J.: 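Dumping the structure here so I can ask a few things about it.
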Amino acid sequence: MEDEDLFGQGTGEARDSISLLPKKIAIQVFSYVDIADLANCACVCRSWKVITQSGALWSRVGKSYIPLLLTHCPGLLTDKVAARLLYKARPYLIHLNLRECQHLKQATFVSVSQCRNIQDLNLSGCLGLDDDTLKLITKGCKILLYLNISHTSLTDASLRAVAKYCVNLQYISLAFCNKFSDRGLHYLSNGKCSKKLEYLDLSGCLQVTPQGFQNLASGCINLTTLILDDFPTLMDDSIIMMTEKCHKIHTVSFLGSPLLTDESFKHLAQLKQLRVLKVDGNHRISDDSMRMVGKLCPDLQHIYLTDCQRLTDSTLKSFANCRSLTVLNIADCVRISDAGVRHLTEGVCTAKLRELNLTNCVRVGDLAMAFLLELRIGDSCLGQQGHDPQVQFSRQRRQQSKSIRPRRMNERFVANMAQKGGKEKPDLLYRLEQYQECYTLYKDLLKNTQDEFDAERQTNMAAVVAALQMWDVQNVEDAGLDEDSYEVCYNNACYQIGCGNLDLAELKLKKAEEFLRNDSDLTEEELDEELAIIRFQMGYLLQKKGRCEEAAQLYNQVQKNRPSDVGIGAVLSNNLVTINKDQNVFDSKRKMKSATGDNVKGKLTSVQKQIVAVNQCLLHMYSNQGELCLKQAEELHREDPDLMSCVLISAAQHVRDKNMDKAMAMLQAYRNSHPDKQFTLQLMMAQIYLSQGSVYAACDALKALGDLQHKPGVVSALVTLYMGQEDRAAASDVLVNAVNWYKKNQPKSPDLAILTQANSAFQLKHGNADLAAQMLEDLRKQNPKDPMVLAQLISAYSQFNPNKAKEISRDLPPVSEIVREVDVDALESAFSTLGPKYMKKMQKGEPSPGPSGDMLLKKKKKKKKGKLPKNCEAGGDIDPERWLPRRERSYYRGKRKDKRREIGKGTQGSGTVASELDASKVSPGGSDPSSPRPGSAAVSSPSSGATASPQAAPAAAGPRQQKPAQAQKKKKKKGGVKW
């Protein structure tokens, strides 16, 4: 009956619009019909009968139809009706909800046991359910995943059956089941499903003792959700046992458990994956345990701490670091005040926070509502380019170090706040970045008010003065506040940074650190947090001084400690990116991502957001992401049309993309609308022309600067460019026009003398001696005794008027006066053609006086000892043939290449060598005549008169004296070596 062909084909009955619909859409339409009408629809026609018998309509019988029966006709759902429905839907029934069906008896539950594919079964409040029927159900439905048997009278036998047969069970609810005991939990923890069980609800099960929780902890080690609501007898021991064994728990609920103390929640804090925490009506837990939970469980998403009257603002401060927090309910926590809400709005939790319940928090006032209003409508403000980190102000309780700028803040709301409380308006104005008005108010308060908050107002006053100097760039006088706290020292250091007194600012930061370390009231965590701010500001100061390596070390040290203030982390990442510049682009992109996240939009001032946005745009350009760079630069320009940085970045990106026309058109349009920024734009246009090799176009761009083209730097650039093109006439015109402009407009400017002297030197070098002489005459009128001008003037006149040159030479000072202060030796050493080595030799060659002062002693040269030949000792015999080649020496014997060549082959004793050495085969004539006789000398003396016979044959040489035959040389191949 499930075939698609039956729909509207061949029956002649499918004339209505529903029958002509596709099958899935028709089933979706009938899914909104209750069970009684569905039975009536099956009788309309064949096509509707096919639709109503679809398994998709019956797979959720309990969830869809039974609640409708209970609502409209509760008396219809009898055992007979339920059994018929279950029998019809048993092949494809997956979800069954029989909640609060109190009239159902055993027949219905037997039918339930025959539905083998059920995975989700809700039998909550079924009073007819007993141990036997549940055992029958668990035997039949062996693939159950979710089982709800709350509000029933089941005993340990039921839990034993569940543990035995439901091997895949993941969810079980035993809420308000009062008949089972610790033994039933023992069965459950030792059953086949214990390792897979993830959800357990024991709400209202007051009969469970710590022994039962110990049984659960030993077996159900994979629990993730533990619900223990309405459990007034629940003690710390039970929770401690569960947390020590079940390390995967991420959701806990203790609503109505007033006996739990801080010990339980300190152990819960060790579960770092904790996501949901619910506590209600507990007056024993305090800020100590909640501070640990907020620190060790940063991934908390839902927090319910209703009617916990010992919790204060410190708890909210610790929860401000939970980056995934979406729901926070602190209703009836009467000690929560505006300061706690302020801590909350300044933390990283604001990125995802969607629900905040402050019902009956009587100390929360209008100022907290202002913080929440800023959090809701705060908008990021994009602005001008910058690479510098920005100042962090007072960390004092009443005034914050950073503020956001809600651009659409209701000013009437601010006026109402001022009427309600005099102390609240300056704080709010500071957060609105209206520093001048805030400064005026604090000045009046310090003058006309004196109470216990005086030191606090001084700290805030120092913060406002620093803000005016840093953000609004106003020259504000030092407030002259006493530096008796580290907050005031820190803010004064920020003020000095804004003034440019970096050395004095460094001293004040060190003084603030000393104050901070001597403060015994601070905990170790608070001390580290405050020190991180001072170190960060010190790193910024070092970066301003150009000591970037030391600044990077301080930044990395602060980043390693993970500061709780997300604003510090964002600005720190931005500063590290500016140190990297175009190096380590991948690391810079990772840091820039953390500086531009959603959680920091409300933590930075408008200037800081401006700087970060521009730096991100530059990073896109360096990482070859041209489209992103142009898109973000366009957004920056749209937000602030006066911002020049975004225009320059866009032009640079167009140049990288080789779109010169777009770059020039953009710069020219911005120049026309902002004539006060013409100088920078014209210089960039000239640079673009030069990069393309258009020198004359670059010169025209520089000449378009108006009066600025006559400045010495621009004149030097123009002359250099024209001389590079060998255009001397144009270079000369530039110099002459510059000199004439200064004579007419600024005759007393020192630049006139510089340009005149440079122009005269240029003209003199290129043959315009008469023009050079005129300019030098002007210089001579200003300083008649300048020998340099006189010398140049003589050189110029000597080329076309020698008599005038002689006349002027009389005005030169005498030679003795000129050389009076001249160091001749220094000149010789500097300009000697032989160089400094010759001067050193000349100094060494000077004779030194002897002992009497008039005798010169000559140094004796030391003779070097000659080197002896190799392997020759001093005093030994020297080989007279040492100069001959080794092969030609008399004692050279050569090398034996084949020692076996003369050994004959054959049997032992055969061969020529053996016969020669055989003594028995000596000739009868006796030995060789030349052989010496025993007792006679080898050579006869001259007195004996005996001489050697000339026919005597030489003695036979031994085998060691025989030289081996030389090997035949290999013939070279014909053709020679091929190159």
Side-chain angles (χ1 to χ4, degrees), residues 386-403 430 433 435 438-439 442-443 446 455-519 522 526-548 550-555 557-558 561 563 565 567-572 574-575 578 604-605 607-608 611:
H387 298 284
D388 296 335
Q390 303 303 326
V391 61
Q392 312 296 320
F393 295 117
S394 168
R395 310 303 301 176
Q396 213 269 349
R397 289 192 301 271
R398 293 285 300 171
Q399 182 72 46
Q400 282 304 299
S401 64
K402 302 177 298 300
S403 62
Y430 182 85
E433 298 187 20
Y435 300 125
C438 185
Y439 173 76
Y442 269 122
K443 195 173 182 179
L446 287 173
E456 190 172 315
R457 279 189 288 269
Q458 288 188 4
T459 300
N460 296 344
M461 182 65 175
V464 174
V465 170
L468 281 171
Q469 189 66 38
M470 289 292 295
W471 306 131
D472 291 349
V473 196
Q474 299 183 15
N475 294 324
V476 187
E477 294 183 359
D478 191 355
L481 301 174
D482 296 333
E483 296 181 352
D484 53 357
S485 64
Y486 74 92
E487 292 97 342
V488 177
C489 289
Y490 178 83
N491 288 332
N492 287 342
C494 298
Y495 168 77
Q496 296 298 335
I497 291 176
C499 295
N501 303 325
L502 301 182
D503 295 334
L504 183 58
E506 186 174 0
L507 295 176
K508 290 184 179 296
L509 284 176
K510 292 179 179 179
K511 185 177 180 180
E513 185 175 358
E514 291 180 4
F515 272 115
L516 195 61
R517 293 186 181 277
N518 295 330
D519 192 349
L522 294 176
E526 293 174 344
L527 179 62
D528 293 339
E529 184 177 356
E530 300 295 338
L531 285 176
I533 299 172
I534 293 178
R535 289 168 183 164
F536 167 72
Q537 199 69 7
M538 184 66 75
Y540 167 57
L541 188 145
L542 294 175
Q543 189 175 0
K544 293 276 286 184
K545 286 186 173 183
R547 296 154 62 181
C548 294
E550 300 177 30
Q553 291 178 0
L554 284 176
Y555 289 153
Q557 183 180 358
V558 175
N561 295 330
D565 193 339
I568 293 179
V571 180
L572 188 146
N574 174 78
N575 297 349
T578 61
L604 305 178
T605 64
V607 179
Q608 288 174 326
I611 293 169

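Please read these numbers as outputs of a predicted model, since none were measured by experiment.
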J.: Checking Gln496 side chain against Ala493 main chain: does a donor-acceptor pair fall under 3.5 Å?
T.: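 Answer holds: no.
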J.: Which heavy atom of Leu502 sits nearest to which heavy atom of Leu541, and what is that distance?
T.: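 Closest pair (atom of Leu502, atom of Leu541, distance): O-CD1, 3.5 Å.
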J.: Measuring from Cys438:SG to Met461:CE, what's the distance to the nearest 0.5 Å?
T.: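 Between Cys438 SG and Met461 CE, I get 8.5 Å after rounding to 0.5 Å.
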J.: For Glu487 versus Thr459, what's the shortest heavy-atom pair and its separation?
T.: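 Glu487 and Thr459 have their closest heavy atoms at CB-CG2, 3.5 Å.
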J.: Just verifying a value: how many Å separate Ile497 CD1 and Leu504 CG, rounded to the nearest 0.5 Å?
T.: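 Those atoms lie 10.5 Å apart.
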J.: Test of understanding: with side-chain contact (heavy atoms from CB on, under 4.5 Å), list the residues that count as partners of Glu550, not counting sequence neighbours.
T.: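 Expected list: Leu542, Arg547.
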J.: Which atom pair, heavy atoms only, marks the closest approach of Gln458 to Leu481?
T.: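 The answer is O-CD1, 3.1 Å.
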J.: Can you confirm whether Ser485 sits close enough to Phe515 that some side-chain heavy atom of one is under 4.5 Å from a side-chain heavy atom of the other?
T.: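 Not in contact.
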J.: For the residue pair Phe536 and Leu554, establish whether any side-chain heavy-atom pair is separated by less than 4.5 Å.
T.: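 A side-chain contact under 4.5 Å is absent here.
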J.: Going from SG on Cys489 to NZ on Lys508, what distance comes out if it is rounded to the nearest 0.5 angstrom?
T.: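 Here the rounded value is 7.0 Å.
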J.: Is Glu513 close to Tyr486 at the side-chain level, that is, under 4.5 Å between some pair of heavy atoms?
T.: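 A side-chain contact is absent here, since even the closest heavy-atom pair is not under 4.5 Å.
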J.: Is there a side-chain contact between Asn561 and Asp528 (heavy atoms, below 4.5 Å)?
T.: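 Side chain of Asn561 against side chain of Asp528, heavy atoms only: no contact under 4.5 Å found.
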J.: Could you tell me if the side chain of Val607 sits less than 4.5 Å from the side chain of Met470, heavy atoms only?
T.: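 A side-chain contact under 4.5 Å is absent here.
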J.: Could you tell me whether a side-chain N or O of Tyr555 sits under 3.5 Å from a main-chain N or O of Tyr540, the two making a donor and an acceptor?
T.: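 At least one qualifying donor-acceptor pair exists.
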J.: Could you work out, with salt bridge (charged side-chain N to carboxylate O under 4.0 Å, His left out) as the rule, every residue matching Glu506, not counting sequence neighbours?
T.: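 With neighbours one apart ignored, the set is Lys510, Lys545.
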J.: Can you name the salt bridge (charged side-chain N to carboxylate O under 4.0 Å, His left out) partners of Glu514, sequence neighbours left out?
T.: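 Not a single residue meets the salt bridge (charged side-chain N to carboxylate O under 4.0 Å, His left out) criterion with Glu514.
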J.: Could you tell me which non-hydrogen atom of Gly567 sits nearest to which non-hydrogen atom of Leu604, and how far apart they are?
T.: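 Minimum heavy-atom contact is O-CD2, 3.8 Å.
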J.: Supply the atom-to-atom distance Ile533 CD1 to Tyr490 OH, rounded to the nearest 0.5 angstrom.
T.: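 Rounded to the nearest 0.5 Å, the CD1-OH separation comes to 6.0 Å.
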J.: So, do Tyr495 and Asn501 sit near enough that their side-chain heavy atoms are less than 4.5 Å apart?
T.: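 No, side chains not in contact.
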J.: Do you know the tightest heavy-atom contact between Glu483 and Val488?
T.: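 Nearest pair, atom of Glu483 first, then Val488: CA-CG1, 4.1 Å.
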